[in-house]
Structures are given as structure tokens and as C-alpha cells.
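No hydrogens, no waters, no symmetry mates; every other heavy atom, side chains included, goes into these values. Read the numbers this way: they start at 1 and go in the same order the structure lists the ligands and their atoms.
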Amino acid sequence: MCMVIFAPLFAIFAFATCGGYTGQLRVSVDCVNKTDSNLSISINFAYPFRLHQVSFEAPVCEGRRNERVFLTGDFSSSAEFFVTIAVFAFLYSLLATVVYIFFQDKYRENNRGPLIDFIVTVVFSFVWLVGSSAWAKGLSDVKVATDPDEVVLLMSACKAPANKCGSVYGPIWSGLNTSVVFGYLNFVLWAGNIWFVFKETGWHKPGTQRYPASASEKQTTNFNQQPSFNQGSFDQSGGAYSPHGGLGQPSDYRQGGGPTSFSNQM
Ligand SMILES: *[C@@H]1O[C@H](CO)[C@@H](O)[C@H](O)[C@H]1NC(C)=O
Ligand SMILES: *[C@@H]1O[C@H](CO)[C@@H](O)[C@H](O)[C@H]1NC(C)=O
């Protein structure tokens with residue numbers, strides 16, 4: 001039930017916070033010749049973080065001339081991978097919910113629904129972990145590449161010590177930090193759901209079916225002088241005792257056997 005509510009929601013948070021991001025930083029170039037300076041150069045960037053395509057005009061501090069400067073790095077692969085996972089996880093969790101609610105009998109047919117669900121859930125858990133880790137690494141690289149103190153080093157004017165270059169402000173990272181957190185939360189959610197989907201597959205059922213057999217063995221050792229009595233007890237009906245009523249302690253046996261098999265089934 002948690003899955004139904006949180007999986008689509010967490011997926012939306014993950015792709016909205018990453019895919020919808022736009023950031024801005026601002027630097028200043030204070031030339032020796034003050035008239036050439038630009039004290040407010042703003043640089044905008046956004047998802048998918050192809051920073052090598054992001055450029056801005058900066059003064060070269062030689063007359064009024066400007067140069068076009070490009071940021072460095074392409075972090076689109078990890079960002080796009082992350083958003084793609086989130087979109088597919090969102091779609092799958094919606095589809096799974098619809099199938100589970102409205103096509104319950106089709107879902108259980110040949111046990112195929114639970115089987116597919118189990119495999120897909122395992123795959124998504126793994127992919128969430130990989131994607132979140134890759135994106136966490138990508139984000140830390142984006143932070144370095146858009147750090148105003150690093151961007152300043154890209155401008156030729158700033159290589160001359162006479163000109164003073166500095167940071168006005170840097171990008172706000174809370175949105176992207178949130179996307180990484182939601183990536184890992186999605187991993188935890190999907191990984192935790194593996195157990196519940198596994199139960200649906202019925203693969204643990206053979207174990208359940210063994211319980212009466214093992215209980216029978218146990219009781220056979222306790223009452224091995226009365227093997228036919230033990231078999232009768234598993235009819236779970238009082239009538240089963242009547243042929244053996246004369247053997248004594250049937251009520252003791254029933255009280256002793258009941259809790260044992262009950263606790264086994266737990
Ligand atoms: C400074 O750079 C910005 C772009 O970031 C530009 O819009 C503005 O006109 C420039 N100012 C001067 C004085 O050149
Ligand atoms: C400063 O720049 C102006 C115009 O860009 C120029 O006329 C002047 O000679 C320059 N001064 C120096 C010291 O370079």
C-alpha cells in the first residue's frame with residue numbers, strides 16, 4: 001500500500017527537482033581601466049547540464065572588447081539517466097497500481113503478474129541505486145564547474161593580476177540536493193518493496209506447505225506408538241478422534257498439537 005502512494009510521488013519529486021532545475025551564478029571583472037569593467041556578469045544554466053554549451057560575454061579589459069567564454073564539462077548523461085529512471089519508475093508504478101486494482105485476476109493468472117512485478121522491482125531498485133549514485137557524482141562535478149571561483153579562472157582578463165575578478169553569488173543547490181535525496185529514497189522504497197512483491201510470487205509457499213509435514217513428524221516422534229492417531233488429527237475435526245477415543249489423552253494431544261502447528265505457521 002505504501003508503494004501505491006509513495007512510488008509515483010517520490011518519482012515525481014526526483015524528476016521534477018532535477019529536470020526542472022535552473023541555476024544562476026554571477027561574477028565580476030574589475031579591470032585596471034575601470035571603464036572596461038563589468039561587475040555583474042550573470043551566467044544561467046539548467047538541466048541537462050551540458051555546461052560546455054553554456055557561454056557568456058566577459059570583458060577582456062583591453063578597450064571595450066568582450067570575449068565569449070564557455071563553461072566546462074558535460075554532465076548530461078548522469079542527469080538524463082536519473083530523470084529517465086524517475087519517469088519510467090513513475091509510469092511503471094502507475095501501471096502496476098492500475099493492473100493490481102482493476103485486473104487482479106489477470107495479474108494472478110499463471111503467476112505471471114507477480115513474477116514480472118518481482119523482476120521489474122529488483123531491476124528498478126538496482127537502477128535507482130546506480131542512477132542516484134551516478135547523479136550524486138555528476139552533481140558534485142556540476143558544483144565544481146559552476147563555482148564562481150572556478151568560472152573566474154576561465155576568463156582571460158582574470159589571468160592578469162592587475163584585474164580583479166570575483167564572485168558575486170553562486171547557484172542555489174537545494175533543489176538538486178533534494179533530487180539526490182529522493183533518488184536514494186526511491187532506492188530504499190523499491191528495495192523494501194522487493195520483499196512484498198516476493199511474497200506475491202508464492203515462491204515461499206513450498207515452505208508453508210512443509211509445515212504440516214514437519215509438525216506431523218514431530219508429533220509422530222511424540223506419539224510413535226500411535227501412528228494412525230496422528231494422521232487423524234490433521235483432519236482438524238473432533239470426529240477424527242472418535243475411532244481412537246479409547247486410546248486415552250486425546251484432549252491433551254489436541255492442546256499440545258494445536259499451538260505447535262500454529263506457531264509453525266507463524
Ligand atoms: C555585463 O554583462 C552582462 C551579461 O552578463 C551584460 O548584460 C551587461 O550589459 C554587461 N555590462 C556592461 C557594462 O558591459
Ligand atoms: C581606458 O579606456 C578608455 C576607453 O576604453 C581609453 O580611452 C583610455 O585610454 C583607457 N585608459 C587606460 C589607462 O588604458
Under 4.0 Å from one or more heavy atoms of Ser40, ligand 1 contributes atoms 1 (C), 2 (O), 3 (C), 5 (O)
Does Thr72 reach the side chain of Glu150, with side-chain heavy atoms less than 4.5 Å apart? no
Ala134 meets the side chain to side chain contact (heavy atoms under 4.5 Å, CB included) criterion, sequence neighbours left out, with Ser78
- Item | Test item: protein heavy atom less than 4.0 Å from atom 9 (O) of ligand 1 | no
Under 4.0 Å from one or more heavy atoms of Asn38, ligand 1 contributes atoms 1 (C), 2 (O), 3 (C), 8 (C), 10 (C), 11 (N), 12 (C), 14 (O)
Can you tell if the side chain of Asp117 reaches within under 4.5 Å of the side chain of Tyr107, non-hydrogen atoms only?
-> yes
Next on the checklist: Any nitrogen or oxygen of Ser42, side chain or backbone, less than 3.5 Å from one on ligand 1?
Outcome noted: yes
(Q) Under 6.0 Å between ring centres: does that hold for Phe10 and Phe6? (A) yes
